[in-house]
Novice: 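Could you have a look at this structure, given as structure tokens, before my questions?
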Amino acid sequence: MSRDQDMQLEKDRARYGLLAVVVSNVAIAAVAVFGVWRLNGNESVIIGVLTAAFTAVSSMTTAYLGIKAVSNTAKSMAAASSAAPPAQTPATPATPATPAQRTP
């Protein structure tokens, strides 16, 4: 694959992933609103429904953003390591010369 195709694929993944999260969040909110409307003022149950809806929306959004952040970090690290020159192996140290023998 060429670099342009890779960039387009990443844009499509980000776009459709974000679309999936937004559609899911809207669906959760719609079900919560419908549930609250049908409960006719039972406050304790309404609080439970709204709490569950808020938890679902926040966890869905956080999961998407977390996965996207890790993916972007891994991609940038891979690009940086492929652009860096190969690491040189350290030269083996020369064996020290044996000291000259002294005669008394």
Side-chain angles (χ1 to χ4, degrees):
M1 270 185 159
S2 71
R3 178 137 172 89
D4 291 334
Q5 287 176 333
D6 286 342
M7 291 299 290
Q8 186 61 37
L9 180 63
E10 282 301 314
K11 286 181 183 179
D12 287 344
R13 283 181 181 166
R15 186 175 298 130
Y16 290 120
L18 182 61
L19 179 66
V21 170
V22 169
V23 168
S24 299
N25 288 347
V26 168
I28 292 168
V31 168
V33 167
F34 180 74
V36 168
W37 173 66
R38 293 291 294 172
L39 291 173
N40 298 326
N42 189 352
E43 293 176 6
S44 62
V45 178
I46 289 173
I47 290 172
V49 168
L50 292 178
T51 301
F54 179 77
T55 302
V57 167
S58 63
S59 62
M60 175 93 57
T61 305
T62 303
Y64 171 74
L65 294 175
I67 291 169
K68 189 67 182 150
V70 169
S71 174
N72 289 345
T73 302
K75 187 171 203 154
S76 65
M77 288 177 68
S81 68
S82 67
Q88 296 180 353
T89 58
T92 55
T95 55
T98 54
Q101 294 291 325
R102 288 197 218 178
T103 53

Novice: Under 3.5 Å, side-chain donor or acceptor atoms of residues 30-52 against the rest of the protein: list the pairs with distances, not counting sequence neighbours.
Specialist:
residue	atom	partner	partner atom	Å
N42	OD1	S44	OG	3.4
T51	OG1	I47	O	2.7

Novice: Just by distance, do the side chain of T61 and the backbone of S58 share a donor-acceptor pair under 3.5 Å?
Specialist: no
Novice: Taking distance alone, no hydrogens or angles, what donor-acceptor pairs closer than 3.5 Å link side-chain atoms of residues 7-24 to residues at least two apart or in another chain?
Specialist:
residue	atom	partner	partner atom	Å
Q8	NE2	D12	OD1	3.2
E10	OE2	R13	NH1	3.2
D12	OD1	R15	NH1	3.3
S24	OG	A20	O	2.8

Novice: Within this structure, what is the CG-CD1 distance for the pair N72 and I67, rounded to the nearest 0.5 Å?
Specialist: 12.0 Å
Novice: Would you name the heavy atoms of I28 and A53 that are closest together and state the gap between them?
Specialist: CG2-O, 3.8 Å
Novice: Determine, using the 4.5 Å side-chain heavy-atom cutoff (strictly less than), whether L65 and F54 are members of one ILVMFWY cluster.
Specialist: no
